[in-house]
Engineer: 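Have a look at this one.
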2 protein chains.
Amino acid sequence: MEDSKGRLKSCGLKNTRQRREIIGILEQSGRPVSAEGIFFGLREQGETVSLSTVYRVLELLIEKKAVRRLSTVEECGALFELDDKHRHYLVCLGCHRMFPLDDCPLKSYEKELTDKTGFDVTGHSLEIYGYCRDCRGKRKG
Amino acid sequence: MEDSKGRLKSCGLKNTRQRREIIGILEQSGRPVSAEGIFFGLREQGETVSLSTVYRVLELLIEKKAVRRLSTVEECGALFELDDKHRHYLVCLGCHRMFPLDDCPLKSYEKELTDKTGFDVTGHSLEIYGYCRDCRGKRKG
DNA sequence: ATGCAAATGCAAATTATTCGCATTTGGAAT
DNA sequence: ATTCCAAATGCGAATAATTTGCATTTGCAT
């Protein structure tokens with residue numbers, strides 16, 4: 001089991017109080033947190049780290065793959081579409097185009113979940129990431 | 001097949017030029033668009049609708065379930081978590097708590113997709129929405 | 001044709017995030 | 001242990017995305 005200091009070392013990052021504490025919050029929380037959540041979480045513990053540092057450290061940790069950001073799609077603000085039929089997309093990380101999928105791989109899974117968890121499942125959001133044919137080529141070249 | 005005027009009527013909404021045009025863009029586009037995308041899309045067609053109207057109309061159409069917003073989770077800015085192991089959440093629409101799922105229902109599906117589509121799949125984001133036990137009770141009462 | 005609630009535009013306010021720059025600090029080299 | 005410097009931080013200002021207040025306009029029921 002890795003502690004915050006260990007995580008920093010394995011990322012090859014300088015070991016600073018702020019970074020240790022931000023990672024600490026992420027570890028304690030056990031579920032996704034917002035930048036503000038981290039900022040105020042630290043406040044409550046009597047620690048103080050500026051909000052810009054929170055953002056910068058998160059960015060850095062994402063680069064190092066020690067942290068992930070939920071739902072990567074929304075790069076330029078929220079996205080909207082007609083709510084006609086249920087639909088998901090293949091999102092290209094190269095050109096950012098979105099290709100609709102033929103069908104939803106989760107139809108049966110939702111029912112299963114409702115039964116298993118007692119959670120009343122009403123929907124889901126799913127995007128698949130990767131590189132489209134065009135961008136796949138460009139990456140190699 | 002419904003046109004923008006028809007959609008507005010079935011939502012019980014007043015039929016205004018701006019609304020027709022915003023819906024028009026959503027129909028034409030065939031994939032998710034940002035508010036700005038709609039705004040400038042209209043500009044290009046020589047139509048003009050203020051950006052605040054775009055936002056207001058989208059909001060309204062979402063309420064009426066004629067439009068959906070991609071990835072509903074991020075209500076208070078981006079969310080971050082440790083990137084230790086692959087994980088998804090059941091997100092409660094009542095209390096906004098997030099409950100981690102035991103496992104990912106898409107493991108095999110990704111490979112299948114890579115083969116089928118020629119898209120180089122590198123990952124996905126998935127959240128399941130609904131109401132947790134607590135909130136399910138409260139909704140009925 | 002008329003009237004009014006609802007819709008719109010505009011500009012200002014908020015919120016989320018990023019950036020520039022002066023100051024501080026971790027840790028490699030001594 | 002001390003020195004040094006690139007890298008990290010804090011602060012406040014800048015930017016981007018979204019919301020809101022208010023005066024004006026407009027659908028549509030009458």
Engineer: In whole angstrom, give the distance that lies between atom NZ of B:K14 and atom C1' of C:dA6.
Structural biologist: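 The answer, rounded to whole Å, is 4 Å.
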Engineer: Rounding to a whole Å, what distance do you find between A:E59:CD and D:dT9:C1'?
Structural biologist: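 My rounded result for the distance is 16 Å.
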Engineer: Among A:R69, A:R19, A:K64, which residue meets the salt bridge (Lys or Arg N to Asp or Glu O under 4.0 Å) test with A:E59?
Structural biologist: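 When salt bridge (Lys or Arg N to Asp or Glu O under 4.0 Å) is applied between A:E59 and each of A:R69, A:R19, A:K64, only A:R69 qualifies.
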Engineer: Does D:dC11 have a Watson-Crick or wobble mate here (both distances under 3.5 Å), and if so which one?
Structural biologist: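 Pairing partner, where one exists within any strand: C:dG20.
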Engineer: What is the distance, to the nearest angstrom, from the CD1 atom on A:I22 to the P atom on D:dG10?
Structural biologist: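 So the CD1-P distance, A:I22 to D:dG10, works out to 8 Å.
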Engineer: Could you check whether B:S52 gets within reach of a base, just the sugar-phosphate, or nothing at all, counting any heavy atom under 4.0 Å?
Structural biologist: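 B:S52: base contact, heavy atoms under 4.0 Å.
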Engineer: Determine: side-chain N/O of B:R19 to OP1/OP2 of C:dA6, distance under 4.0 Å, yes or no.
Structural biologist: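 Looking at the OP1 and OP2 atoms of C:dA6, neither is under 4.0 Å from any side-chain N or O of B:R19.
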Engineer: Under 4.0 Å: is that the gap between some side-chain N or O of A:T53 and OP1 or OP2 of D:dG10?
Structural biologist: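 For D:dG10, OP1 or OP2 has a side-chain N or O of A:T53 closer than 4.0 Å.
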Engineer: Any luck finding a side-chain donor-acceptor pair between A:E110 and B:Y129 under 3.5 Å?
Structural biologist: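 Not at all, the side chains of A:E110 and B:Y129 share no donor-acceptor pair under 3.5 Å.
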Engineer: On DNA chain C, nearest-nucleotide positions of B:G77 versus B:V57: which is more 5'?
Structural biologist: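 Closest to the 5' end, via its nearest nucleotide, is B:V57.
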Engineer: My understanding is that a pair needs two contacts under 3.5 Å, Watson-Crick or G-U wobble. By that rule, which nucleotide pairs with D:dA23?
Structural biologist: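 Paired with C:dT8.
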Engineer: Can a side-chain donor-acceptor contact be found between B:E127 and A:S125 if the only test is distance below 3.5 angstrom?
Structural biologist: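 Side-chain D/A pair, A:S125 to B:E127: present.
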Engineer: Taking only the side-chain nitrogens and oxygens of A:R56, find out if one of them lies under 4.0 Å from OP1 or OP2 of D:dA8.
Structural biologist: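 Result: no.
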Engineer: For D:dT26 and B:Q18 - does any side-chain N or O of the residue sit under 4.0 Å from the phosphate oxygens OP1/OP2?
Structural biologist: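 No, because none of the side-chain N or O atoms of B:Q18 sits under 4.0 Å from OP1 or OP2 of D:dT26.
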Engineer: Counting only side-chain nitrogens and oxygens, does B:S34 get under 4.0 Å of the OP1 or OP2 atom of D:dA17?
Structural biologist: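 For D:dA17, neither OP1 nor OP2 has a side-chain N or O of B:S34 closer than 4.0 Å.
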Engineer: Quick one: side chain to side chain donor-acceptor pair (under 3.5 Å) partners of A:R20, sequence neighbours excluded?
Structural biologist: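 In terms of side chain to side chain donor-acceptor pair (under 3.5 Å), with neighbours along the sequence ignored, A:R20 is linked to A:N15.
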Engineer: Have B:H86 and B:H124 got a donor and an acceptor in their side chains that come within less than 3.5 Å?
Structural biologist: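 A pair is found: one side chain offers a donor N or O, the other an acceptor, under 3.5 Å apart.
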Engineer: Any side-chain N or O of A:S50 under 4.0 Å from OP1/OP2 of D:dC11?
Structural biologist: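 For A:S50, the contact criterion (side-chain N or O under 4.0 Å from OP1 or OP2 of D:dC11) is not met.
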Engineer: A:R17 CZ to C:dT25 P: how many Å, rounded?
Structural biologist: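 From A:R17 CZ to C:dT25 P: 9 Å.
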Engineer: Can you tell me the distance, in whole Å, between the CG atom of B:L13 and the C1' atom of C:dA5?
Structural biologist: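 Atom-to-atom, B:L13 to C:dA5, this comes out as 14 Å.
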Engineer: Whole-Å distance between D:dT19 P and B:E63 CD?
Structural biologist: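 Interatomic distance, CD of B:E63 to P of D:dT19: 12 Å.
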Engineer: Should A:Y55 be listed as having a side-chain N or O under 4.0 Å from OP1 or OP2 of C:dT18?
Structural biologist: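 Answer is no, no contact under 4.0 Å.
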Engineer: In whole Å, I'd like the distance from the CG atom of A:L60 to the C1' atom of D:dA8.
Structural biologist: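 That distance rounds to 10 Å.
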Engineer: In whole Å, what is the span from the CZ atom of A:R20 to the C1' atom of C:dT25?
Structural biologist: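 To the nearest whole Å, that distance equals 12 Å.
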